[in-house]
Number of protein chains: 2
Amino acid sequence: MTMNASGGRRRPPTIHDVAREAGVSRGTVSRVLNGGHYVSPAAQEAVNAAIRRTGYVVNRHARSLITGRSDSIGFLLTEPQERFFEDPNFNVLLRGCTQALAAHDIPLLLMLAGTEDERRRLTRYITAGHVDGVLLVSNHSGDPVAEQLREAGVPLVACGKPIGLGSKVSYVAADDRDGARDMVRHLLSLGRRRVGMVTGPLDTPGGVERLAGYQEVLAEAGLEFDERLVVSGDYSRASGEAGAERLLAQASDLDAVFVASDLMAQGVLAVLQRAGRRVPQDVAVGGFDDSPAALASSPELTTIRQPWDRISAEMVRVLLAQIGGEDPAAVILPTELVKREST
Amino acid sequence: MTMNASGGRRRPPTIHDVAREAGVSRGTVSRVLNGGHYVSPAAQEAVNAAIRRTGYVVNRHARSLITGRSDSIGFLLTEPQERFFEDPNFNVLLRGCTQALAAHDIPLLLMLAGTEDERRRLTRYITAGHVDGVLLVSNHSGDPVAEQLREAGVPLVACGKPIGLGSKVSYVAADDRDGARDMVRHLLSLGRRRVGMVTGPLDTPGGVERLAGYQEVLAEAGLEFDERLVVSGDYSRASGEAGAERLLAQASDLDAVFVASDLMAQGVLAVLQRAGRRVPQDVAVGGFDDSPAALASSPELTTIRQPWDRISAEMVRVLLAQIGGEDPAAVILPTELVKREST
DNA sequence: TTCTCTACTGTGAACGCTCACAGAAGCATG
DNA sequence: CATGCTTCTGTGAGCGTTCACAGTAGAGAA
């Protein structure tokens, strides 16, 4: 039983204590702390030793007060939270961002803006300068929070291309169009010629891009665009089922379907099998996301994997660069075709 | 195009600006900000109006510098992260804590201590006083981080009963023992008399408590404890399969199994079905956790639901109370039996 | 010698807030 | 009329840093 085990928190050592211990001035200690320029090797060493001996840790509040930086970053989710927290990709993203920031000794503040109240509160918090920048997860077209932050000049990096925010906002996204191209090329390479598509919502960039990739490859291959082969969904399983039913009605001769999400693809599989079509023999099915749904389906889904681990790392890199004064940037990362049983 | 859309962040108004605007002194503004005691209604109103007009938001760094509080809380995960981020219960917990803290205007810092380096870094960060308290997710017996934090007198609330940390650490946990009792009573109420169990790891409180509940109910019912009916696992699906095989070999006459996790229960179901036992007709199976695995199994698992939403709320409540000077507390919350197809 | 330049070090001020204290005003009590 | 009490208000100090500036010491050039 030591004395301080009884709950009392001792006042931690300050830069003053370190200076005294090392026999130098506050200024010198501060310089060592901030990169060690214009400090003699001897002083450098003395200060480092004193820091080790005293267990000194910089008081970030005092530092922030004068620098105006907070040395912390907000991770802001403005979408309904349930959907995202259940999404394993979101979890990879959150974890990746936290770790990438940790490497720079920057804490991540988790900000959930579900209700209007919380949105207001967090907007004020952020624009008051309590974080240096924001990692934004939002698919709202014209998200008011994002818009306000942009206006206030808060460094911002979105996950996925934001709609209607002009070019002032950085973003990191997977190459939806190229992923779609890969998948459709794959389906064509299997000899399929009547390739249908269930798109995502066409007011999201992902939805638009995936459709564009599909159309491009068909055009490349000299196949005429048949609008009966294309129906739209909203990424949900139910909309996949509805889409598949419409496709079967409009174009019953189809021999492949590219579905813009794995969840919808599950619905498509169910409808096709109910209709007596064998997958992949009669109809090949390709999904998008490489979500757990892809592995849980039977047959297991061929799908497009988005590089979520790299996305988080890039988001952090771009945000820190922007805080450092660089211009907003857009980063598009390549996707990967994962072949499984459904094609 | 407004001027400040071009990226320049204006210096935010300070307490000084508010005081001037309201025609009072800094002290009065500060008093209004901190509860409004000893402030005349007139001054109160003038200050609030000035705050609204100027868009003032308190500078937390300046406040923290003098109060010694940081008004922020760390959410610390010292376990391997993959396992937890994939666990939907963990997500509910993280979300719940964030929201409960948001209601008090307290930001949550996400801290992932996967490697030894990160553990050291975060320990220093926390003990330096950069957070007022820590919400801890850790099942390590004798977690060194938790031990150090406790020694340093950092307010700490663990999720689940921590092992080997003495009574100085608060915790919030589901009533594992009572949950187990409910499940075993339920199995007995179905007329089953040869009830087996696959336990969790017996170096965790959860593992021990669930086994204890099982034994208690059997004793109550006047059934003799048969050690051949009990095997241990580690919560993984694979260990559930292994456990079921051992059970079938040791006690092939069993007519029910209580499995200490849903994931293990999935393994048990698979083995039972492979061995030609019908569930629930021949053998009833009960799980624990109410994870998605419970719904994904066929038949769907009867299981014990832990109140994760309440756990997060209680963790925050207890932590804030402790920061406010109250003694460490242990909170045990009731579980719920969810009946499905497997019993 | 004197001046300039570079490498380094110490010092006071300031960041924006809270806290302790002093004091004023109003009212009741001796 | 003094005294005490309560309610309210303003002021100065200080929290632990960084930053700008002034200053020192030594080397090299004029």
Side-chain angles (χ1 to χ4, degrees), chain A residues 9-48 50-51 54-72 105 124-125 127-132, chain B residues 9-48 50-51 54-72 105 124-125 127-132:
Chain A
R9 290 168 92 169
R10 249 203 304 270
R11 202 180 58 78
T14 73
I15 205 172
H16 233 108
D17 302 322
V18 175
R20 191 158 22 79
E21 180 83 12
V24 299
S25 71
R26 282 163 24 240
T28 300
V29 177
S30 177
R31 275 184 286 265
V32 170
L33 252 34
N34 293 286
H37 300 301
Y38 287 97
V39 181
S40 68
Q44 182 96 247
E45 187 38 52
V47 168
N48 281 327
I51 288 176
T54 54
Y56 170 78
V57 181
V58 68
N59 181 327
R60 297 168 96 107
H61 301 304
R63 173 184 282 174
S64 295
L65 185 55
I66 191 160
T67 61
R69 286 174 288 125
S70 71
D71 292 316
S72 63
D105 205 22
R124 302 196 73 177
Y125 185 89
T127 53
H130 289 314
V131 291
D132 294 340
Chain B
R9 290 169 91 167
R10 251 204 303 268
R11 201 178 59 77
T14 72
I15 205 173
H16 232 107
D17 302 322
V18 176
R20 191 158 23 80
E21 180 84 11
V24 298
S25 70
R26 283 163 21 237
T28 301
V29 178
S30 177
R31 275 183 286 265
V32 171
L33 252 34
N34 293 285
H37 300 302
Y38 286 99
V39 180
S40 68
Q44 182 95 245
E45 187 39 52
V47 169
N48 281 326
I51 287 176
T54 54
Y56 171 78
V57 180
V58 66
N59 182 326
R60 298 169 96 108
H61 302 304
R63 173 184 283 173
S64 296
L65 185 55
I66 191 161
T67 60
R69 286 174 288 124
S70 70
D71 292 317
S72 63
D105 205 23
R124 302 196 73 176
Y125 184 90
T127 52
H130 289 313
V131 292
D132 294 340

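Each chain gets a letter, A, B and so on, in the order the sequences are listed, and its residues count up from 1.
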Whole angstroms only, please: what is the [atom1]-[atom2] distance between [X] and [N]?
| X | N | atom1 | atom2 | answer |
| --- | --- | --- | --- | --- |
| I15(A) | dT11(C) | CD1 | C1' | 13 Å |
| R63(B) | dT18(C) | CZ | C1' | 9 Å |
| H61(B) | dC17(C) | NE2 | P | 11 Å |
| I66(B) | dT18(C) | CD1 | P | 8 Å |
| R20(A) | dT17(D) | CZ | P | 13 Å |
| L65(A) | dT17(D) | CG | P | 12 Å |
| N34(B) | dC17(C) | CG | P | 11 Å |
| H37(B) | dT9(D) | NE2 | C1' | 17 Å |

Where the side chain of [X] meets the backbone of [Y], is there a donor-acceptor pair that is under 3.5 Å apart?
| X | Y | result |
| --- | --- | --- |
| H130(A) | V58(B) | yes |
| S30(A) | R26(A) | no |
| N48(A) | E45(A) | no |

Base dT18(C) to side chain R26(B), donor-acceptor N/O within 3.5 Å cut-off
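Under the 3.5 Å cut-off, the side chain and the base do form a donor-acceptor pair.
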Would the base of dG16(C) count as contacting R60(B) through its side chain, where contact means a donor and an acceptor less than 3.5 Å apart?
no
Classify R31(A) by what it touches in the nucleic acid, base, sugar-phosphate, or nothing, heavy-atom distance under 4.0 Å.
base
Ignoring backbone atoms, establish whether [X] has a side-chain N or O less than 4.0 Å from OP1 or OP2 of [N].
| X | N | result |
| --- | --- | --- |
| S25(B) | dG10(D) | yes |
| N59(A) | dC15(D) | no |
| S40(A) | dT9(C) | yes |
| S64(B) | dC17(C) | no |

Nearest-nucleotide check on DNA chain D, A62(B) vs Y38(B); residue mapping nearer the 5' end is Y38(B)
If you assign P13(B) and G27(A) each to the DNA chain C nucleotide with the nearest heavy atom, which residue ends up on the more 5' nucleotide?
G27(A)
Pairing of D105(B) and R124(A) as salt bridge, 4.0 angstrom limit
no
Heavy-atom side-chain proximity of V57(A) to Y125(B) below 4.5 angstrom:
no
Quick check for you: among dT18(C), dC17(C), dG10(C), whose closest atom lies nearest to any side-chain atom of T28(A)?
dG10(C)
